[in-house]
Amino acid sequence: MVREVQEKDLNGLLELYLHLHEESVPEYTEHLRNTWQTIIADENHHIIVKEVDGKLISSCVCVIIPNLTRGIRPYAFVENVVTHEEYRGKGYATECLNYAKALAKKANCYKMMLLTGSKKESTLKFYERAGYNSSDKTAFIQWLE
């Protein structure tokens, strides 16, 4: 089942992020609780998950960003696309991305953007098959400490 994350899913989501780039599950602090509550309460912040047998095995984040250009239409930003290593290659991340696309269309977004840190050809081809291209825009990132 693909759905939006629920408040009770925090631990499963944090464990899934170990298959993204995290090295450990963060300590359950007040900062973590406050951040989680902010995300859950934000109607424009969507964490989409694929659940199999009660376990979160794939996810992506889709944030709808209000905008004053392009006919005052918002745009969507997709981030943190991940699938548990044991479940890759089964189309689960594609299901999550398709859910995000449906949310973006429903919100009347004029575009969706996605950044990946991967240079793997298979990952880049995956995003192309999902409808993204790397030729329309150039991304720049400035890491902040």
When you check the gap from the basic side-chain N to the acidic O, do Glu51 and Lys55 get nearer than 4.0 Å? no
Shared ILVMFWY cluster between Leu68 and Met113, side chains joined below 4.5 angstrom? no
Could you check whether any side-chain heavy atom of Ile65 comes within less than 4.5 Å of a side-chain heavy atom of Asn44, counting everything from C-beta outward? no
In terms of heavy-atom contacts, does CZ of Arg70 have more than 12 from other residues, nucleotides or ligands at under 6.0 Å? no
Check the hydrophobic clustering (I, L, V, M, F, W, Y; side-chain heavy atoms under 4.5 Å; chains of links allowed) and say if Val61 and Leu14 are grouped together. yes
Taking every heavy atom of Thr83 against every heavy atom of Arg88, the minimum-distance pair comes out as O-NE, 2.7 Å
Please round to the nearest 0.5 Å and tell me the distance separating atom CG of Leu10 and atom CD of Glu15. 10.0 Å
Output yes when a side-chain donor or acceptor of Trp36 lies under 3.5 Å from a complementary backbone atom of Glu7, and no otherwise. yes
Search all heavy atoms of Cys62 against all heavy atoms of Ala100 and return the closest pair with its distance. CB-CB, 3.8 Å
Okay, side chain of Asn133, backbone of Asp136: is any donor-acceptor separation there less than 3.5 Å? yes
Indicate the atoms forming the closest heavy-atom contact of His84 with Leu16, along with that distance. N-CD1, 3.6 Å
Might you confirm whether atom NZ of Lys8 has over 12 heavy atoms from other residues, nucleotides or ligands at distances under 6.0 Å? yes
What class does the angle between the rings of Tyr87 and Tyr92 fall in, given that below 30° is parallel, 30 to 60° is tilted and above 60° is perpendicular? tilted
Roughly how far, to the nearest 0.5 Å, is the NE2 atom of His19 from the OH atom of Tyr17? 13.0 Å
Under the criterion side chain to side chain contact (heavy atoms under 4.5 Å, CB included), I'd like the reasoning laid out for Ser59 against Asn80: C-alpha separation, chi angles, the key distance, then a yes or no. CA-CA 7 Å; Ser59 180; Asn80 295 338; over 6 Å; no
Measure the spacing between CD of Glu43 and CD1 of Ile64 and express it to the nearest 0.5 Å. 10.5 Å
For Arg73, is there any backbone N or O sitting under 3.5 Å from a side-chain donor or acceptor partner on Asn67? yes
Look up atom OG1 in Thr94 and atom NZ in Lys50, then write down how far apart they are to the nearest 0.5 Å. 11.0 Å
Assigning hydrophobic clusters by single linkage (Ile, Leu, Val, Met, Phe, Trp, Tyr; side-chain heavy-atom cutoff under 4.5 Å), is Val82 placed with Met1? no
Report whether Tyr99 and Val81 are members of the same hydrophobic cluster (ILVMFWY, side-chain heavy atoms less than 4.5 Å apart, transitive linking). no
Taking atom NZ of Lys105 as the centre, report whether more than 12 heavy atoms of other residues, nucleotides or ligands fall under 6.0 Å from it. no
How long is the gap from CG on Leu124 to NZ on Lys119, to the nearest 0.5 Å? 8.0 Å
Over 12 foreign heavy atoms within 6.0 Å of CD1, Ile72: no
Single-linkage hydrophobic cluster, 4.5 Å side-chain cutoff, Ile39 and Leu103 together: no
Can you give me the closest heavy-atom contact between Pro74 and Asn108, atom names plus distance? CD-O, 3.7 Å
Nearest heavy atoms of Tyr75 and Cys109, plus distance in Å: C-SG, 3.7 Å
Evaluate the criterion side chain to side chain contact (heavy atoms under 4.5 Å, CB included) for residue pair Lys137 and Lys111; output intermediate values, then yes/no. CA-CA 12 Å; Lys137 298 261 184 175; Lys111 71 176 177 182; 3.6 Å; yes
Any side-chain heavy atom of Phe77 sitting closer than 4.5 Å to one from Leu114? no
What I'd like to find out is whether the side chain of Ile40 reaches to under 4.5 Å of the side chain of Val5, using heavy atoms alone. yes
Would you compute the distance between atom CG of Asn98 and atom CD1 of Ile48 and round it to the nearest 0.5 angstrom? 10.0 Å
Hey, can you pull the donor-acceptor pairs under 3.5 Å for the side chains in residues 23-34, sequence neighbours left out?
{"from": "Thr29", "atom 1": "OG1", "to": "His31", "atom 2": "N", "distance (Å)": "3.4"}
{"from": "Thr29", "atom 1": "OG1", "to": "Leu32", "atom 2": "N", "distance (Å)": "3.2"}
{"from": "Asn34", "atom 1": "ND2", "to": "Glu30", "atom 2": "O", "distance (Å)": "3.4"}

Do Val49 and Arg3 have side-chain heavy atoms sitting under 4.5 Å apart? yes
Can you name the nearest heavy-atom pair linking Tyr132 to Met112, along with the distance? OH-CE, 3.4 Å
